[in-house]
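Values below: every heavy atom of this structure, side chains too, minus hydrogens, waters and symmetry copies.
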Amino acid sequence: MAVHTVATPATPSQDTSAVDLGPAVALSCRECGERFPLGPVFACVSCFGPLEVAYDLPAGDPEALRAAIEAGPANIWRYAPLLPVPADVATKPSLNPGFTQLVKADHLAAELGVTGGLYVKDDSGNPTHSFKDRVVAIAVEAARAFGFTTLSCSSTGNLAGAVGAAAARAGFRSCVFIPHDLEQGKVVMAAVYGGDLVGIEGNYDDVNRFCSELIGDPLGEGWGFVNVNLRPYYGEGSKSLAYEIAEQLGWRLPDQIVIPVASGSQLTKIDKGFKELIALGLVEDRPYKIFGAQAEGCSPVSTAYKAGHDVVRPQKPDTIAKSLAIGNPADGPYVLDIARRTGGAVEDVDDAQVVDAIKLLARTEGIFAETAGGVTVGVTRKLIEAGLIDPSLTTVVLNTGDGLKTLDAVAPTTGPTATIRPDLDAFRAAGLATS
């Protein structure tokens with residue numbers, strides 16, 4: 001297939017033909033299959049479909065590749081041969097995210113009636129306490145390769161913090177854009193790294209539109225927007241979740257996995273990662289089901305799924321799960337395809353169920369999830385009760401961020417069990433001695 005040249009107003013003036021991004025060889029349109037050279041572009045000029053990275057992945061002995069991965073660093077770079085990064089990526093300044101815990105959640109399993117093994121992939125252990133560190137780490141390598149000097153993004157909070165921190169470590173300037181009404185914890189975490197943080201009056205979709213305009217303006221010259229003009233590379237970071245889950249399960253795929261859906265990119269890339277592992281012979285080729293989880297107050301994909309539609313109609317977000325509050329998800333149609341192809345589903349829960357699920361996970365497993373994690377656990381419970389998740393099979397649930405970022409969600413109903421005078425009689429009177 002021919003490789004065509006395409007330009008973008010935000011491309012630095014350099015030849016990208018010699019760019020070293022490891023096994024990545026081109027960008028391929030997900031809709032029509034047309035190929036383009038590696039570069040900071042994200043849409044096909046022929047059909048406007050999204051571009052994704054195409055690879056020349058390592059062929060040969062799966063056992064040798066498995067051994068090489070296991071001998072690698074305990075972070076995302078152990079999978080460098082499968083990602084769009086140079087071979088020497090582990091030697092460069094980076095936050096080195098990844099290889100977070102896969103927690104065997106036996107107490108939660110007992111609460112939910114799961115007998116086949118329930119696991120929580122807890123990505124709150126990343127450097128800025130969300131899975132966004134993974135995707136940003138890959139985008140930073142693309143920014144280096146294409147000669148960008150400023151890292152930027154549109155963000156619902158977690159990504160802003162991840163970009164700010166990664167830019168500080170890697171020596172880039174950062175300027176990130178967020179909705180004006182984000183949770184204070186996320187605002188502080190995004191600002192503390194010293195880059196520019198800009199609040200936009202409106203929701204995430206307004207922020208994203210603004211960033212798209214900035215990319216097409218001379219003001220955006222030299223700027224790498226990790227989730228816009230670097231999006232094909234950025235999205236590949238989510239594949240590392242698939243790789244880690246399979247490796248941590250003893251090089252096998254889970255039977256079922258529940259993934260939060262904002263733009264939908266994470267879910268689509270985990271599916272891509274599973275398929276790559278199968279193609280490379282690293283895991284057994286066996287069926288798996290993928291389930292998407294949304295908040296009821298921003299549930300365009302679950303609404304389309306339940307209605308049997310292929311088109312995702314935008315919604316105006318109104319939910320405490322602000323990290324999932326993307327009313328016009330770019331990868332929504334692909335989420336529908338994957339859920340249906342694998343025999344999964346897309347479901348949603350309301351805000352009260354989100355809070356209840358956050359507390360359930362904390363009480364049973366000692367994991368304090370942000371609201372997106374509450375959505376995922378809440379949807380898992382709902383799917384089990386509906387008979388859509390088989391409790392006798394191995395199930396993985398994603399927690400993508402730390403609850404300290406979304407304290408407002410649980411603060412009104414969480415606090416001291418009792419406040420007493422500092423003496424034993426008061427303690428006895430409170431009835432806590434044997435509780």
Side-chain angles (χ1 to χ4, degrees), residues 120-121 123 130-132 155-159 179 182-183 203-205 208 227 235 238 241 256-271 289-358 360-361 369-386 388-389 395-401 405-406 409:
V120 176
K121 180 59 172 171
D123 247 24
S130 90
F131 91 95
K132 292 296 188 180
S155 174
T156 57
N158 283 326
L159 181 57
L182 281 187
E183 302 98 334
N203 60 31
Y204 173 80
D205 297 299
N208 205 36
N227 55 343
S238 288
L241 280 161
Q256 304 164 135
I257 183 168
V258 187
I259 304 168
V261 173
S263 72
S265 175
Q266 183 185 67
L267 187 148
T268 66
K269 292 303 187 290
I270 288 176
D271 178 59
K289 293 183 179 181
I290 292 183
F291 297 87
Q294 293 206 289
E296 183 181 284
C298 186
S299 54
V301 186
S302 66
T303 298
Y305 176 82
K306 293 173 186 178
H309 295 162
D310 296 323
V311 175
V312 176
R313 299 185 64 179
Q315 295 181 358
K316 184 176 181 180
D318 181 18
T319 172
I320 61 171
K322 294 184 179 180
S323 61
L324 303 183
I326 297 180
N328 189 18
D331 286 307
Y334 303 107
V335 170
L336 294 174
D337 291 343
I338 291 167
R340 289 165 178 158
R341 171 175 58 79
T342 65
V346 188
E347 185 55 271
D348 56 78
V349 286
D350 63 32
D351 285 353
Q353 291 170 310
V354 171
V355 172
D356 187 55
I358 291 172
L360 173 63
L361 181 60
E370 73 161 1
T371 47
V375 168
T376 311
V377 173
V379 163
T380 300
R381 176 163 55 184
K382 192 171 181 178
L383 291 170
I384 291 170
E385 292 171 350
L388 295 176
I389 283 182
T395 305
V396 173
V397 177
L398 264 61
N399 173 45
T400 53
K405 296 185 176 188
T406 57

What pairs with Lys269 under side-chain hydrogen bond (donor to acceptor under 3.5 Å, both in side chains), at least two apart in sequence or on another chain? none

Listed partners of Ala304 passing side chain to side chain contact (heavy atoms under 4.5 Å, CB included), at least two apart: His309, Val312, Leu336

Pairs in or reaching into residues 311-323: which pass salt bridge (Lys or Arg N to Asp or Glu O under 4.0 Å), with residues at least two apart or in two chains? none

Those residues that, when tested against Glu296, pass salt bridge (charged side-chain N to carboxylate O under 4.0 Å, His left out) (two or more places apart): none

Partner set under salt bridge (charged side-chain N to carboxylate O under 4.0 Å, His left out) for Asp271, not counting sequence neighbours: Lys275, Arg341

Quick one: list whatever passes side-chain hydrogen bond (donor to acceptor under 3.5 Å, both in side chains) with Gln266, sequence neighbours left out. none

In chain order, what residues pass the side chain to side chain contact (heavy atoms under 4.5 Å, CB included) check against Thr319, with sequence neighbours excluded? Ala295, Cys298, Ala321, Ala325, Asp351

Could you list the residues that satisfy side chain to side chain contact (heavy atoms under 4.5 Å, CB included) with Asn208, not counting sequence neighbours? Ser154, Tyr204, Val228

All side-chain hydrogen bond (donor to acceptor under 3.5 Å, both in side chains) counterparts of Lys306, not counting sequence neighbours: Glu347, Asp348

The criterion is side chain to side chain contact (heavy atoms under 4.5 Å, CB included); which residues satisfy it with Ala369, sequence neighbours excluded? Leu361, Asn399

Among Val258, Thr380, Ile257, which one satisfies side-chain contact (heavy atoms from CB on, under 4.5 Å) with Leu398? Ile257

side-chain hydrogen bond (donor to acceptor under 3.5 Å, both in side chains) against Asp310, all qualifying residues, sequence neighbours excluded: Arg340

Supply the atom-to-atom distance Ile389 CD1 to Phe291 CZ, rounded to the nearest 0.5 angstrom. 4.5 Å

